[in-house]
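Hydrogens, waters and symmetry mates play no part in the numbers below; they use all other heavy atoms, side chains included. Just so it is clear, the model here is predicted, and its values are computed rather than measured.
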Amino acid sequence: MTRFLSHARFIFGGLALLALVAVSAPVSAQQPSSVNPTAQSVKEDQLLNALRGDDAVRGRVTIPDQKSATLIQPAGRDWREFHERTLKWIGAISVLGMLVVLVVFYLTRGMVKLERGRTGRVVVRFTAFERFIHWLTAACFIILAISGLNITFGKSILAPLFGAQAFTDWSQWLKYAHNYLSFPFTIGVVVIALMWIAGNIPNRTDVEWVKQGGGIVGDDHPPAYRFNAGQKMIYWIVVIGGTAVAISGYILMFPFYGTSVGGMQLAQTIHAIVGVLFVAAMLAHIYIGTIGMEGAFEAMGSGTVDVNWARQHHRLWLEQQGAVTGPNESERQPRAAATPAE
C-alpha cells in the first residue's frame, strides 16, 4: 500500500507538471522573451510634458480624417479660457457700458429738439427701396444679436430662469434663426455697402462736424451733406463689421473647409469679439434714431423729414435738394423731392 501511494504521488506530480507546461507554452509562443511589451507605449511623463507645451498630442489613425488623430490640443485651453471668461468681460463691458453711457447721456442732454419747430413741409430722405434694405438688415441683425448673446450669456443668466428643457428649446430655435437669417443679413450688408458708398466717403466737412460735436454735444449744429461724420462711422462699422462677422460666421457654419481646428478657433474668436462690439455700436445708432433726436426716426419710418430737421442737421444736403436756408417763410419749396405733410 505504501508503495502504491508513493507511485501515485509521482504520477500526480508528473500530470501537474505537464499541465503547467501546457498552459505556459502559448503565452511564450505569442510573446517572445526578447521583446519588451511596453517598449513602444507612451509613458505617462511624456503626456504630462506634452501638456505643458504648445504642440498638439497626436496619435495614429487609419481613416482619411487625420484631424481625429489629435488627442490633446493645448491651444484649445486658451480658446476655452477666452470663451468662458475673457469674452464675457468684453461683452459685458462693451454692451452694458454702452447702455450706461446712453442712459447717462439722455438724462443729462435729453432729446435733441427741433429748434425752429416743424414747417409742415417735408423732403424725401430715403426711398422705399433704401428703407426696405435698411429694415431687412436691421431686423436680421436684432435676431442675430440676441441669439449670439444667448450663446455667451444665456447659460449663466437665462438657464436658471427658464429651466434646463425650456432653455434648450429656446437655444435650439435661436441657433436655427442665427444660421438662416445670416444669409439675408449678408445680402443687406452688401447692398448697403454698394447703395450708400458714394455718400459715405470722408471729407473736410466731417472734420468740422466732429470738432463742433455734431450737434449732439453742445448747441452747435454743424453743416453736413446727406450723411454726417457720425452716420459715416456707422456705415463703415456696418460694412466692415458685417463683413467680418459674415466671413467668420460662414467658416463656423461650414467647418474645416480649408481650415484646421486652430483656424476654427480663430474664426470663433473674431466672430465673437466683432459681434459684441457691433452690438454696442448699434445700440448708439438705435438711440440716436429714436429717443435721442426729434424727427430722426421719420427718415427711416416714412422716408421723409421736415424741412427744418434737414436744415438743422443736414443743411448742405438740403441746399443740394433745391431749398434755400433762410429763416423766412418765403423760401421756396424743395424741388420734386418735397411732398405734402401727412
Side-chain angles (χ1 to χ4, degrees), residues 118 121-149 173-174 176-201 224-250 253 274-275 277-310 313-314 316-318 320-323 334-342:
R118 296 178 179 270
R121 293 179 288 110
V122 296
V123 59
V124 174
R125 178 81 170 138
F126 295 108
T127 66
F129 177 75
E130 289 175 314
R131 286 180 284 128
F132 169 76
I133 293 298
H134 172 273
W135 288 116
L136 170 68
T137 310
C140 291
F141 173 80
I142 291 172
I143 299 176
L144 291 171
I146 293 173
S147 54
L149 292 173
W173 283 107
L174 284 183
Y176 292 147
H178 197 92
N179 289 346
Y180 289 114
L181 290 179
S182 66
F183 296 104
F185 171 78
T186 303
I187 293 173
V189 170
V190 172
V191 175
I192 284 174
L194 298 175
M195 183 171 59
W196 288 332
I197 188 171
N200 282 280
I201 304 300
Y225 289 98
R226 189 184 188 194
F227 299 107
N228 58 42
Q231 292 165 331
K232 290 179 181 180
M233 284 188 282
I234 292 296
Y235 169 85
W236 288 109
I237 288 173
V238 170
V239 172
I240 297 175
T243 301
V245 294
I247 293 175
S248 58
Y250 291 135
M253 284 180 62
V274 175
L277 296 179
F278 204 170
V279 171
M282 291 303 102
L283 288 175
H285 176 61
I286 293 170
Y287 168 81
I288 293 297
T290 53
I291 63 174
M293 181 179 292
E294 182 183 2
F297 184 80
E298 298 167 13
M300 275 299 170
S302 63
T304 61
V305 294
D306 191 87
V307 170
N308 270 352
W309 184 93
H313 300 291
H314 298 271
L316 299 178
W317 170 73
L318 183 63
Q320 290 178 333
Q321 301 307 299
R335 62 189 183 196
T339 58
E342 297 179 358

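- Under the 4.5 Å side-chain criterion, counting only non-hydrogen atoms from C-beta, H313 is not in contact with N228.
- In this structure, R226 contributes its side chain and H314 its backbone to no donor-acceptor pair below 3.5 Å.
- Residues V238 and F278 meet the side-chain proximity criterion, which asks for heavy atoms closer than 4.5 Å.
- I192 contributes atom CD1, which lies 12.0 Å from atom CD1 of I187 (distance to the nearest 0.5 angstrom).
- Residues M282 and F141 form a side-chain contact, since some pair of their non-hydrogen atoms from C-beta on lies under 4.5 Å apart.
- For the atom pair S302 OG and R131 CZ, the distance stands at 6.5 Å (nearest 0.5 Å).
- W309 has its side chain out of reach of E298: every pair of non-hydrogen atoms, C-beta onward, lies at least 4.5 Å apart.
- Atom CD in Q231 sits 8.0 Å away from atom NE2 in H285 (nearest 0.5 Å).
- Aromatic ring orientation, Y250 versus F183: parallel (interplanar angle below 30°, classes split at 30° and 60°).
- Remark: the backbone N or O of N200 is not paired with any side-chain donor or acceptor of Y225 at under 3.5 angstrom.
- Within the 4.5 Å cutoff, the side chain of R121 has no heavy atoms near those of the N308 side chain.
- Taken from CZ in F185 to NE2 in H178, the straight-line distance is 9.5 Å, to the nearest 0.5 Å.
- In this structure, F297 and I291 have side chains that are not in contact, with every pair of non-hydrogen atoms separated by 4.5 Å or more.
- Looking at heavy atoms from C-beta onward, F227 lies in side-chain contact with W196 at the 4.5 angstrom threshold.
- To the nearest 0.5 Å, atoms CD1 (I142) and CH2 (W135) are separated by 7.5 Å.
- A tilted orientation is assigned to the rings of Y180 and Y176, their planes being inclined by 30° to 60°.
- Between V123 and W317 there is a side-chain heavy-atom pair separated by less than 4.5 Å.
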